Student: 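Handing you this structure, nothing more for now.
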Amino acid sequence: MKDDVYWMGIALREANKAADLGEVPIGAVVVRDDKVIGRGYNLRESRHDPTAHAEMIAIRQASRRSGNWRLSGATLYVTVEPCVMCMGGILLARIERVVFGCHDPKAGAAGSLYDLSADPRLNHRVTLTTGVRGMECAATISTFFAALRERKRQKKVAAD
């Protein structure tokens, strides 16, 4: 049986696909019975779709492949802490467990800003595991945004 480190490696590969397209490099995979049943990476810019987050794409694919919107027994691996929308999708899909690499202090809904995973007012709970390959996941995001800032700076210098 493969472990969390292995599956997060696949999510990181998905994140790199997003980076190659100039998208924020976040990747996700849905795993059940030791098989990937859904995968995704951010495509918000490419699709002009604010809901095209890695997690939502992976959940949609997993639901289609399994022929059921209920993803009971599944684990979602994602490189960055899910936002409110994605945690909503995770809860609605009845995903059992979420494993993420690094926290998102600006938008995280699995402990940073909110913790929807254990809200007693909701009818589903999800188990969280955090920090898996966290340094790699954080570096992927940091490198992307540092390069983006540098490109913007160079563009401004060239315009002046």
Side-chain angles (χ1 to χ4, degrees), residues 2-32 36-63 71 74-153:
K2 297 169 181 96
D3 65 3
D4 291 345
V5 172
Y6 173 84
W7 297 117
M8 188 61 74
I10 295 174
L12 278 161
R13 286 199 295 274
E14 293 296 310
N16 289 331
K17 292 176 186 177
D20 290 345
L21 295 173
E23 299 274 356
V24 175
I26 298 174
V29 292
V30 178
V31 175
R32 185 165 56 194
V36 173
I37 60 171
R39 60 179 69 223
Y41 51 89
N42 271 3
L43 288 169
R44 293 187 325 168
E45 300 297 331
S46 302
R47 291 188 179 173
H48 309 290
D49 180 355
T51 70
H53 288 205
E55 302 96 320
M56 299 301 286
I57 292 167
I59 289 168
R60 286 180 188 125
Q61 188 179 88
S63 295
L71 298 174
T75 299
L76 173 76
Y77 293 86
V78 61
T79 56
V80 177
E81 178 182 6
C83 70
V84 172
M85 175 186 68
C86 292
M87 280 302 294
I90 289 161
L91 292 167
L92 291 171
R94 309 298 194 264
I95 290 174
E96 185 175 314
R97 185 169 167 247
V98 172
V99 178
F100 66 87
C102 61
H103 285 274
D104 182 349
K106 293 182 179 179
S112 290
L113 291 180
Y114 306 99
D115 187 0
L116 297 180
S117 69
D119 190 319
R121 297 169 294 179
L122 301 173
N123 67 343
H124 180 68
R125 310 285 180 281
V126 62
T127 302
L128 297 177
T129 302
T130 66
V132 175
R133 296 180 78 163
M135 302 265 295
E136 283 176 83
C137 294
T140 300
I141 291 288
S142 296
T143 301
F144 173 82
F145 282 112
L148 182 63
R149 284 189 299 274
E150 179 60 20
R151 282 193 303 275
K152 285 182 179 179
R153 187 190 71 73

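Numbering of residues begins at 1 and proceeds along the displayed sequence. All values reported here derive from a predicted model rather than from experimental measurement.
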Student: Going by heavy atoms in the side chains, are F145 and L148 under 4.5 Å from each other?
Tutor: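 Contact flag for F145/L148 side chains = yes.
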Student: Could you list the residues that satisfy salt bridge (Lys or Arg N to Asp or Glu O under 4.0 Å) with R60, not counting sequence neighbours?
Tutor: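 Listed in chain order: nothing, the list is empty.
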Student: If I take atom CE from residue M56 and atom CG from residue L43, how far apart are they, to the nearest 0.5 angstrom?
Tutor: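 Output value for this atom pair is 13.5 Å.
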Student: Are any non-hydrogen side-chain atoms of R125 and P120 less than 4.5 angstrom apart?
Tutor: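 When only atoms from C-beta onward are counted, P120 and R125 do touch, with a gap below 4.5 Å.
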Student: Do the side chain of H124 and the main chain of I90 share a donor and acceptor less than 3.5 angstrom apart?
Tutor: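 Such a contact is absent between H124 side chain and I90 backbone.
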Student: Would you compute the distance between atom CD of E136 and atom OG1 of T140 and round it to the nearest 0.5 angstrom?
Tutor: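 Here the rounded value is 7.0 Å.
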Student: Does E81 use its side chain to pair, donor to acceptor, with the backbone of F100 at less than 3.5 Å?
Tutor: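 Absent.
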Student: So do V99 and M8 actually touch side chain to side chain, heavy atoms under 4.5 Å?
Tutor: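 Yes, at least one pair of side-chain atoms sits under 4.5 Å.
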Student: Between P105 and H103, what is the shortest heavy-atom contact and its length?
Tutor: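 Closest heavy-atom pair between P105 and H103: CD-O, 3.5 Å.
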Student: Give a yes or no on whether the backbone of A54 and the side-chain of N42 come within a donor-acceptor separation of less than 3.5 Å.
Tutor: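 Confirmed, N42 side chain pairs with A54 backbone.
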Student: Is it the case that the side chain of Q61 and the backbone of R39 share a donor-acceptor pair, with hydrogens and angles ignored and the cut-off at 3.5 Å?
Tutor: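 Present.
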Student: Which heavy-atom pair separates I141 from P25 by the least distance, and what is that distance?
Tutor: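 Taking every non-hydrogen atom into account, CD1-O, 3.5 Å.
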Student: Would you say E55's side chain and A28's backbone share a donor-acceptor pair under 3.5 angstrom?
Tutor: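 A pair under 3.5 Å: no.
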Student: Measure across V126 and I95 and return the closest heavy-atom pair with its distance rounded to 0.1 Å.
Tutor: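 Shortest heavy-atom contact: CG2-O, 3.5 Å.
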Student: Under the side-chain contact (heavy atoms from CB on, under 4.5 Å) criterion, do D115 and L128 qualify, and how do the steps go?
Tutor: CA-CA 10 Å; D115 187 0; L128 297 177; 3.9 Å; yes
Student: Within the 4.5 Å heavy-atom criterion, are V132 and Y77 side-chain neighbours or not?
Tutor: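 Contact flag for V132/Y77 side chains = no.
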Student: Given side chains that start at C-beta, do those of I10 and V31 come closer than 4.5 Å, heavy atoms only?
Tutor: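 Of all side-chain heavy-atom pairs linking V31 with I10, none is under 4.5 Å.
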Student: Just by modelled atom types, is the G101 backbone N or O under 3.5 Å from a matching donor or acceptor in the T79 side chain?
Tutor: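 Side chain of T79 to backbone of G101: no pair is present.
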Student: Working to the nearest 0.5 angstrom, can you tell me the gap between I37 CD1 and L71 CG?
Tutor: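 One gets 5.5 Å once the value is rounded to the nearest 0.5 Å.
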Student: What residues form a side-chain contact (heavy atoms from CB on, under 4.5 Å) with D49, not counting sequence neighbours?
Tutor: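 D49 satisfies side-chain contact (heavy atoms from CB on, under 4.5 Å) with R47, T51, A52 only.
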Student: Can you find a pair of side-chain heavy atoms, one from F144 and one from V24, that are under 4.5 Å apart?
Tutor: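 The answer is yes; the side chains approach within 4.5 Å.
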Student: Can you find a heavy atom in the side chain of T75 that is under 4.5 Å from one in the side chain of T127?
Tutor: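 They are not in side-chain contact.
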Student: Work out which heavy atom in C86 is nearest to a heavy atom in H53; give both atom names and the distance.
Tutor: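 Distance-wise, the nearest heavy atoms are SG-ND1, 3.4 Å.
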Student: Which heavy atom in R133 sits nearest to a heavy atom in L12, and how many Å separate them?
Tutor: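 Closest approach of R133 to L12, heavy atoms only: NE-CD1, 3.8 Å.
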Student: Minimum heavy-atom separation for I59 and A93, please, with both atom names.
Tutor: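 Result for this residue pair: CG2-CB, 4.1 Å.
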